[in-house]
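All remarks here apply to the structure that follows.
Predicted model only: the values in this text are computed from it and were never measured.
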Amino acid sequence: MSPVPFSGEPGAGRAQPSWSTGSWLPPRRHDRSGRRFTAGLAAGATALVTLAVLAVAVLTSGNSPGTGAGSLPWPAEGQTSVVVEGLGAHGDLGTRGERPPVPIASVTKVMTAYVILRDRPLRAGEDGPLVTVDRTAANESVSGVESSVPVREGMRLSERQLLELLLIPSGNNIARLLARWNAGSQEAFVTKMNRAARDLGMRHTTYTGASGIEPTTTSTSADQLRLARRVMRDEVFRTIVAMPSTTVPGVPGTIRNTNTLLGTASVIGLKTGSSTPAGGALMWAATASDKDGRDRLILGVVLHQRAGTDPRQGLRAALATSHALIEGVRRWLSTTSSGTP
């Protein structure tokens, strides 16, 4: 993981999809306590738009989205998987690119959150039990070699607050703190993560840590898409990943979400990842209407973008290619009926 410098913050009424008993659309946001992020990982708006336009021009190879999954602007490198919920087999847009497991960096934290919420579920609006920040997490908060969140030994933070600090600014020290709180040690928690992966049918996934900093944590886009489909059923998780920012009690300023696509192309959340071995990675969730006007949830995973380069460069590539792909899927969906065979 690259170091993450902190800075101060300078279709209603449509039918819901049948795959979930609750709405997958994020509730109206309310800021409980401020919040802040790392400017270092965020691409500038102009650069992102430029990269997205280039991605569409290069990757569509002259085909127009809307005629089928093959005409979508799939990334030219790495691996990508996409599904539109509620359309059955027709909504499974498949996987493109290399298939072997690759490092996934902080996308790992989605499984960390899944295991925490599975073992200690939270209801909407519930903060959950308080967790005491230990010396290890406090010492790791000043790391210059990985993304971390500034916390002090002895601080008492709720489960909900820690999940926000895990998923929004991508705190590695918070991931390991949650692992120790849940299972007694990170090693014991990793055993739970791998067991959960097996239970979800993620046959090509191996977790070796709770944060994703280890390059030995590997997976495929198809496996991570399985996880996305399951974890997005959790209302608390959906709400957190849709938040643009959060705060650390006692620390001035806000921490902004590393997912800079939030609020663009109807993106409603999920998780970034970046490291030199992993390149850029993004698990994303977006919404769009089909031809019949029904809102659909679109989920995708883009892995291994510009692997071997600077993590910021890789993340910019993952954000840009994902943006182009989401727009392509939305256009395709607008021509697709609910009853399309």
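- Judged by distance alone, with hydrogens and angles left aside, the side-chain atoms of E126 form a donor-acceptor pair with the main-chain N or O of R123 at under 3.5 Å.
- With hydrogens and angles ignored, the 3.5 Å screen pairs a side-chain donor or acceptor of R99 with a backbone N or O of G97.
- Side-chain N/O atoms of T108 and K271 include no donor and acceptor closer than 3.5 Å.
- Judged by distance alone, the side chains of K192 and N182 do bring a donor and an acceptor atom under 3.5 Å apart.
- For Q224 (side chain) and S219 (main-chain N/O), no donor-acceptor pair under 3.5 Å exists by modelled atom type.
- Taking 4.0 Å as the cut-off between side-chain N and carboxylate O, R160 and D127 do not count as a salt-bridged pair.
- Salt bridge status for E159 with R120: absent, with no side-chain N to carboxylate O gap under 4.0 Å.
- The residue from R294, R229, R233 that alone fulfils the salt bridge (Lys or Arg N to Asp or Glu O under 4.0 Å) condition with E85 is R229.
- Between the side chains of E77 and H304, no donor-acceptor pair is found at a separation under 3.5 Å.
- Considering every non-hydrogen atom in both A278 and P103, the closest pair reads CB-O, 3.4 Å.
- At least one donor-acceptor pair under 3.5 Å links the side chain of T335 to the backbone N or O of W332.
- The side chain to side chain contact (heavy atoms under 4.5 Å, CB included) with L297 is formed by just one residue from the set V84, I268, V83; it is I268.
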Before giving the answer on salt bridge (Lys or Arg N to Asp or Glu O under 4.0 Å), spell out for E187 and R180 the whole-Å C-alpha distance, their side-chain angles and the decisive distance to 0.1 Å. CA-CA 9 Å; E187 293 73 21; R180 292 190 295 273; over 6 Å; no
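- Side-chain contact annotation: N173 with S148, donor-acceptor N/O pair under 3.5 Å absent.
- Between W74 and V302, every side-chain heavy-atom pair lies at or beyond the 4.5 Å cut-off.
- Between R203 and D223, none of the side-chain N atoms (NZ, or NE/NH1/NH2) sits under 4.0 Å from a carboxylate O, so this pair counts as no salt bridge.
- A donor atom on one side chain and an acceptor atom on the other are not found under 3.5 Å apart for K291 and S334.
- Counting only distance, with no hydrogens or angles, the side chain of D92 and the backbone of G88 share no donor-acceptor pair below 3.5 Å.
- Side chain of T112 to backbone of A210: a donor-acceptor contact under 3.5 angstrom is found.
- Side chains of S221 and T80: a donor-acceptor N/O pair is absent below 3.5 angstrom, by distance only.
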